[in-house]
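Scope of the values below: all heavy atoms of this structure, side chains included, with no hydrogens, waters or symmetry mates. Please read these numbers as outputs of a predicted model, since none were measured by experiment. Lettering follows sequence order; numbering is per chain, from 1.
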2 protein chains.
Amino acid sequence: MPRGNCQGQGWWHGKFRDCGYRLTIGREAILDILSRSEGHLSAEDIYIKVHPKYPNVGLTTIYRTLDVLSNLGMVYKLDFGDGRARYELAEGPKGAHHHHHLVCTGCNSVIDYTDFIDEEVELLQQTEKGLGKKYNFKINNHVIQFYGLCGKCSVNK
Amino acid sequence: MPRGNCQGQGWWHGKFRDCGYRLTIGREAILDILSRSEGHLSAEDIYIKVHPKYPNVGLTTIYRTLDVLSNLGMVYKLDFGDGRARYELAEGPKGAHHHHHLVCTGCNSVIDYTDFIDEEVELLQQTEKGLGKKYNFKINNHVIQFYGLCGKCSVNK
DNA sequence: AGAATTAATGAAAATCATTTCCATTTATAA
DNA sequence: TTATAAATGGAAATGATTTTCATTAATTCT
Ligand SMILES: [Mn+2]
Ligand SMILES: [Mn+2]
Ligand SMILES: [Zn+2]
Ligand SMILES: [Zn+2]
């Protein structure tokens, strides 16, 4: 009977180790929070969620880890114009869960949407290919955000 | 013979006044710099360009004016991930000159592109309409940016 | 397992873009 | 011209992020 159990270890161990990074409590905690939280967390949001369980993980480590994860492409660093960076897991273990954003300039709320029109995906691929060739650019990511007013804010306006 | 001449006054006077804002030297200088500069200027970039001619326009005014212009929709405030906001004129007097961005994550250079815009614009309008209805969202702007490595950075990598 | 090696960490200090304060100036309308 | 409120600049404050550096801990090697 194997003594280690792996079910709780998270799918990222492999990728993480492969890149030469050490596995630490702090990093696991951060990844754990990111994977079980919906939404767009700031560094401090994450710190506050991590702290009760791991009081000795500092905010500095949160920033450093998010930077590593972002460089590895495991996390997206986003800017919604509220003066602090926001982070979300790039994708789950099963593969992509790609989405774009609707940002309310009134209340700063953000809606994820995945209901792309079929043509949207296709156009994006064409565009990436075309632009890549024309400008000799190796594209590996994109950000699409719509700005406007949510229902509440249109009314209260 | 009319004594004022208007040719140098800039097309924005009207819009600006209509919104109840006063016309000041500083504001004109900033708009002037924005309209005659290519590229994506930070507040400080603008300050440096304005300063020789108008040494008594302070950085604070640059920030305040950019905020006003941005709220009026005359200027886009952009984030390319280098820690400072960048600004560009939304459009010239003749109408739109809409474009999107290719951002190099290696050297932070940015390419404006207008290729594929036609198809994109059409799709975008569909998408805006669809999303607007579904999420009860009044969309009035969007940001599309592709991230990757420019030619130089792919090589030097 | 124990020691050696080196990455990772936390706490405090530093950085730096942006914002706030407030006394003074200035654009605009009466 | 005068009255009025908006706009300004310079200094100080703010606040997110980064840097520093002495200490700790993960991994590798006996
Ligand atoms: Mn999202
Ligand atoms: Mn541009
Ligand atoms: Zn809203
Ligand atoms: Zn580059």
Side-chain angles (χ1 to χ4, degrees), chain A residues 3-4 9-10 12-31 40-48 50-72 74-87 108, chain B residues 4 9-10 12-31 40-48 50-72 74-75 77-87 108:
Chain A
R3 85 170 139 37
Q9 299 220 2
W12 49 74
H13 281 211
K15 181 160 194 177
F16 216 63
R17 300 288 292 271
D18 291 348
C19 297
Y21 291 101
R22 295 183 179 177
L23 278 174
T24 65
I25 308 290
R27 286 172 175 174
E28 291 221 74
I30 291 166
L31 246 351
H40 311 96
L41 305 177
S42 68
E44 198 184 0
D45 289 340
I46 295 170
Y47 175 76
I48 288 170
V50 165
H51 196 255
K53 217 174 207 168
Y54 304 94
N56 39 3
V57 171
L59 184 54
T60 309
T61 291
I62 310 275
Y63 275 107
R64 277 187 291 228
T65 299
L66 288 170
D67 196 48
V68 168
L69 293 172
S70 175
N71 289 331
L72 287 180
M74 294 168 72
V75 152
Y76 293 135
K77 182 179 184 179
L78 303 166
D79 168 57
F80 296 133
D82 68 339
R84 68 197 60 194
R86 309 230 156 229
Y87 302 83
N108 286 320
Chain B
Q9 297 219 5
W12 49 75
H13 281 211
K15 181 158 195 177
F16 217 63
R17 300 287 292 271
D18 290 349
C19 297
Y21 290 101
R22 295 182 179 179
L23 278 174
T24 65
I25 307 291
R27 285 172 176 175
E28 290 221 73
I30 292 166
L31 244 354
H40 311 95
L41 305 178
S42 67
E44 197 184 1
D45 290 340
I46 295 170
Y47 176 75
I48 288 170
V50 165
H51 196 257
K53 218 173 206 167
Y54 304 95
N56 38 1
V57 171
L59 185 54
T60 307
T61 291
I62 310 276
Y63 275 107
R64 276 188 292 228
T65 299
L66 288 171
D67 197 47
V68 167
L69 293 172
S70 175
N71 288 332
L72 288 181
M74 294 170 72
V75 152
K77 182 179 184 180
L78 304 166
D79 168 57
F80 296 134
D82 68 339
R84 71 197 56 198
R86 308 227 157 233
Y87 302 84
N108 285 321

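- Gly83(B) comes within 4.0 angstrom of the backbone, heavy atoms only, and of no base.
- Asp82(B) has its CG atom 11 Å from the C1' atom of dA17(C), to the nearest Å.
- Straight-line distance from the CG atom of Leu66(B) to the P atom of dA7(D): 15 Å, rounded to whole Å.
- Distances shorter than 4.0 Å separate some side-chain N or O of Thr24(B) from OP1 or OP2 on dT8(D).
- The minimum heavy-atom distance linking Arg86(B) with Ser42(B) is given by the pair NH1-N, 3.8 Å.
- Side-chain proximity of Arg84(B) to dA27(C), dT9(C), dA17(C): nearest is dA17(C).
- Checked against dT17(D), dT9(C), dT18(C), the side chain of Leu59(A) finds its nearest nucleotide in dT17(D).
- Between Glu28(A) atom CD and dA26(D) atom C1' there is a gap of 12 Å when expressed in whole angstrom units.
- Between the P atom of dT18(D) and the CD1 atom of Ile62(A) lies a distance of 14 Å, rounded to the nearest Å.
- Ring pair His40(B)/Phe80(B) is perpendicular by interplanar angle, where above 60° counts as perpendicular and below 30° as parallel.
- At whole-Å resolution of the value, OH in Tyr47(B) and P in dT8(D) are 14 Å apart.
- Here dT6(C) presents its C1' atom at 15 Å from OH of Tyr21(A), a figure rounded to the nearest Å.
- Which of dA27(C), dT18(C), dT17(D) sits closest to the side chain of Ala85(B) comes down to dT18(C).
- Protein atom CG of Leu23(B) is 15 Å distant from nucleotide atom C1' of dT8(D), rounded to whole Å.
- A pairwise comparison of heavy atoms in Leu72(B) and Cys19(B) identifies CD2-SG, 3.6 Å as the closest pair.
- Residue-to-nucleotide proximity on DNA chain D shows that, of Arg22(B) and Asn56(B), the 5′-proximal contact is made by Arg22(B).
- To the nearest angstrom, C1' of dA17(C) lies 17 Å from CZ of Phe80(B).
- Between the side chain of Arg64(B) and the base of dT19(C), no donor-acceptor pair of N or O atoms lies under 3.5 Å.
- Nearest heavy atoms, Leu23(B) versus His13(B): CD1-ND1, 3.6 Å.
- Looking only at atom types and distance, the side chain of Asp67(A) has no donor-acceptor partner in the side chain of Ser70(A) under 3.5 Å away.
- The phosphate of dT28(C) has OP1 or OP2 within less than 4.0 Å of a side-chain N or O from Arg17(B).
- For Thr60(B), the side-chain atoms get nearest to dA11(D) when compared with the rest of dT19(D), dA11(D), dA5(D).
- Minimum atom distance to the side chain of Ala43(A) is reached by dT17(D), of the listed dT8(D), dT17(D), dT9(C).
- Summary of the strand contacts: Ile25(A) and Tyr63(B) both lie near DNA chain C, and taking for each the nucleotide with the nearest heavy atom, the more 5' one is attributed to Ile25(A).
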